[in-house]
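Below: the structure, in structure tokens.
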Amino acid sequence: MDEDIDVTPHTEGLNGLSHECKPLEEITNGHSNHKPVMNGLIIGHNVKDHTNGSAPLRSLPISALKQNGLLQTLAAGGDQPKPSEENVELEKARQEWEALENVQPALPEDSTPTPLISFNEALQYFQTTDLGDLLKNIQPTIRRTGLAAITHFLFGPPRLHRELLEERDLVFAIAQCHVDNSQTVHMRVLQTIYKRLIGSRLDCPRYGAHWENIGFQGTDPATDLRGTGFLGLMHTLYFVMDPETLPLARDIYKLSQHPTQNFPFSVMSINMTRIALQVLREEALSKECNRRQQVVGVLNEFYVATYLHLYQLWKTQQKTIADSGFVLKEVELFAKKNPKQMLRRLEVFLKERRAGGIPRGTSLDPQAQQPSPSLGERAARAGAGQGSKGKEMHFTGVCDLPPDMEGEARLI
């Protein structure tokens, strides 16, 4: 009968096979306080542990360990080896333990971590990169014809100033850019986002389940960027690297880990970028961009303001992932109709936070669930009233979306 047997860990097994095993028992001061056991009998040899403080190794199933000659003898329950044979096997195991000192882990703690990258440094990279091919495919404005075009010209928002068109086009070009593993800047952006949210100083692997911890849907963040491209990461980078907005980013991330109100932080962030891009494309931000004479800065703040609006609705109204479709639709409608109020609301929020008070809209008190009247209370309540009667929209993966949902609200 096969039994699970604890043995001293080693990486290169006997008979030339590679294994990793658990230690015999808990190690105290670098030595094992138990003797090895063979077929239920204690061997009268004191075997030293030569881990020297190295990182614990992963255990392998006993079925894999049986391939090792010594472990086959242990697990098979056959004849006990002779003392001389025991000494040979144990000496081999000791040598293998000592060889562990030369094994380098994939991510050694003493390695120099990748330096964080600021938003401006990442933006400068795109400003100095040839994006000509991407610029050919952008759609910076909504194409209108006939009566719609005339109505928009007469009664719509003002046109963006000519000197800002190049900056606007850069934004949409970045939204067409994919993650490139060969580009150091791209990798630094990913590392910075992860470290700032998690609070780690060490680098993380390019692929792995750890990305799900910050709200991506799988082991590769790049697969979630469809529709926003690298701009989705740039907005998150701005969020976590700006000293004023970082506390808000961490508050939202904390809420995303809530037992019942949880949601995928990064996927939701990408949706905020999608909404901000659509508002810019519909020229609803043109007036503010003209006033400030910039596009990137206005869009960054509008992205944060949109995420703040969602955060306050989600937290104060006790929303869950089942409500995500409705909440996204409400946020998008409000953002398109009230861009100036959204930006003003963010300004007030940050000002109150700097003053040390509790920003409006973040209290769990049911009486404080709606924003200030001066910041669009009527629109928010009207949207909530309509949404409660509407059909529930479900959480969908990015790969489930049909290509014709450009203007609709959804969690991508």
Side-chain angles (χ1 to χ4, degrees), residues 112-129 167 170-171 173-175 177-181 183-206 210-211 213-216 221-222 224-225 228-257 264-277 280 285 292 294-311 342-343 345-347 349-354 359:
T112 303
T114 302
L116 301 180
I117 187 170
S118 68
F119 176 85
N120 287 336
E121 184 180 352
L123 179 63
Q124 186 178 16
Y125 160 80
F126 284 104
Q127 290 173 330
T128 57
T129 300
E167 185 178 352
L170 174 65
V171 167
I174 297 174
C177 184
H178 302 292
V179 176
D180 186 348
N181 292 345
Q183 293 294 336
T184 303
V185 169
H186 289 205
M187 298 300 100
R188 288 178 63 194
V189 169
L190 281 172
Q191 293 286 347
T192 299
I193 291 172
Y194 183 85
K195 291 176 185 178
R196 295 286 276 186
L197 286 175
I198 297 296
S200 171
R201 293 182 297 103
L202 303 177
D203 287 354
C204 63
R206 170 64 179 84
H210 55 279
W211 292 113
N213 296 335
I214 62 172
F216 288 103
D224 288 335
L225 299 178
T228 66
F230 207 86
L231 186 67
L233 295 179
M234 289 291 286
H235 276 165
T236 309
L237 178 68
Y238 171 81
F239 204 7
V240 301
M241 287 302 289
D242 188 295
E244 277 202 312
T245 60
L246 175 61
L248 173 60
R250 287 179 170 165
D251 285 347
I252 298 177
Y253 175 70
K254 182 178 180 181
L255 179 63
S256 75
Q257 306 296 306
F265 174 90
S266 294
V267 172
M268 195 69 80
S269 173
I270 293 169
N271 275 271
M272 300 303 100
T273 297
R274 178 188 60 80
I275 292 174
L277 268 178
L280 178 64
L285 291 176
R292 299 195 199 179
Q294 59 175 311
V295 176
V296 173
V298 172
L299 190 66
N300 284 346
E301 291 186 19
F302 190 77
Y303 153 82
V304 175
T306 305
Y307 215 160
L308 170 63
H309 184 61
L310 179 137
Y311 166 67
M342 293 278 285
L343 292 169
R345 184 177 183 178
L346 174 64
E347 181 183 350
F349 178 90
L350 295 177
K351 182 178 180 180
E352 291 180 350
R353 192 155 202 162
R354 285 194 300 268

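All residue numbers refer to positions in the sequence shown, counting from 1. Because only heavy atoms are used, hydrogens play no part in the values below, and waters and symmetry mates are left out as well, while side chains stay in.
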Counting N and O atoms only, with roles assigned by atom type, does the side chain of [X] sit under 3.5 Å from a partner on the main chain of [Y], one being a donor and the other an acceptor?
| X | Y | value |
| --- | --- | --- |
| Thr245 | Phe239 | yes |
| Asp203 | Thr114 | yes |
| Glu244 | Leu350 | no |
| Thr236 | Gly232 | yes |
| His210 | Pro205 | yes |
| Thr228 | Ala175 | no |

Quick one: [atom1] on [X] to [atom2] on [Y], what's the gap to the nearest 0.5 Å?
| X | Y | atom1 | atom2 | answer |
| --- | --- | --- | --- | --- |
| Arg250 | Ile198 | CZ | CD1 | 10.0 Å |
| Ser266 | Leu197 | OG | CG | 6.5 Å |
| Tyr307 | Ile275 | OH | CD1 | 11.0 Å |
| Ile193 | Ile214 | CD1 | CD1 | 7.0 Å |
| Leu346 | Thr306 | CG | OG1 | 9.5 Å |
| Leu225 | Ile270 | CG | CD1 | 4.5 Å |

Shortest non-hydrogen contact between [X] and [Y], atoms and distance:
| X | Y | value |
| --- | --- | --- |
| Ala276 | Leu299 | O-CD1, 3.6 Å |
| Gln127 | Leu170 | CG-CD2, 3.6 Å |
| Phe126 | Met234 | CE1-SD, 4.0 Å |
| Asn271 | Val267 | ND2-O, 2.9 Å |
| Leu237 | Ile117 | CD1-O, 3.5 Å |
| Gly215 | Pro264 | O-CB, 3.3 Å |

Side chain to side chain contact (heavy atoms under 4.5 Å, CB included) between Glu301 and Tyr238, intermediate numbers included: CA-CA 9 Å; Glu301 291 186 19; Tyr238 171 81; 4.0 Å; yes

Classify the angle between the aromatic ring planes of Trp211 and Phe216 as parallel (below 30°), tilted (30 to 60°) or perpendicular (above 60°). perpendicular

Would you indicate whether the side-chain heavy atoms of [Y] and [X] approach each other to under 4.5 Å?
| X | Y | answer |
| --- | --- | --- |
| Ile174 | Leu123 | yes |
| Arg345 | His309 | yes |
| Tyr303 | Asn300 | no |
| Met272 | His235 | no |
| Tyr253 | Val240 | no |
| Val179 | Arg206 | yes |
| Leu246 | Met241 | no |
| Leu310 | Met268 | yes |

Charged N to carboxylate O under 4.0 angstrom, Arg353 versus Asp251? yes

Side chain to side chain contact (heavy atoms under 4.5 Å, CB included) between Val298 and Gln294, intermediate numbers included: CA-CA 7 Å; Val298 172; Gln294 59 175 311; 4.2 Å; yes

Could you go through Val295 and Leu280, starting from their C-alpha distance and side-chain angles, then the distance that decides it, and tell me whether this counts as side chain to side chain contact (heavy atoms under 4.5 Å, CB included)? CA-CA 9 Å; Val295 176; Leu280 178 64; 4.3 Å; yes

Enumerate, atom names and distances included, each donor-acceptor pair closer than 3.5 Å involving a side-chain atom of residues 183-191, sequence neighbours excluded.
| unit_1 | atom_1 | unit_2 | atom_2 | d |
| --- | --- | --- | --- | --- |
| Gln183 | OE1 | Tyr125 | OH | 3.2 |
| His186 | ND1 | Asp180 | N | 2.9 |
| Arg188 | NE | Pro115 | O | 3.3 |
| Arg188 | NH1 | Glu121 | OE2 | 2.9 |
| Arg188 | NH2 | Leu116 | O | 2.8 |
| Gln191 | OE1 | Cys204 | N | 3.0 |
| Gln191 | NE2 | Cys204 | O | 2.7 |

Report the C-alpha distance between Asp242 and Val304 in whole Å, list the side-chain angles of each, state the deciding distance to 0.1 Å, and finish with yes or no for side chain to side chain contact (heavy atoms under 4.5 Å, CB included). CA-CA 11 Å; Asp242 188 295; Val304 175; over 6 Å; no

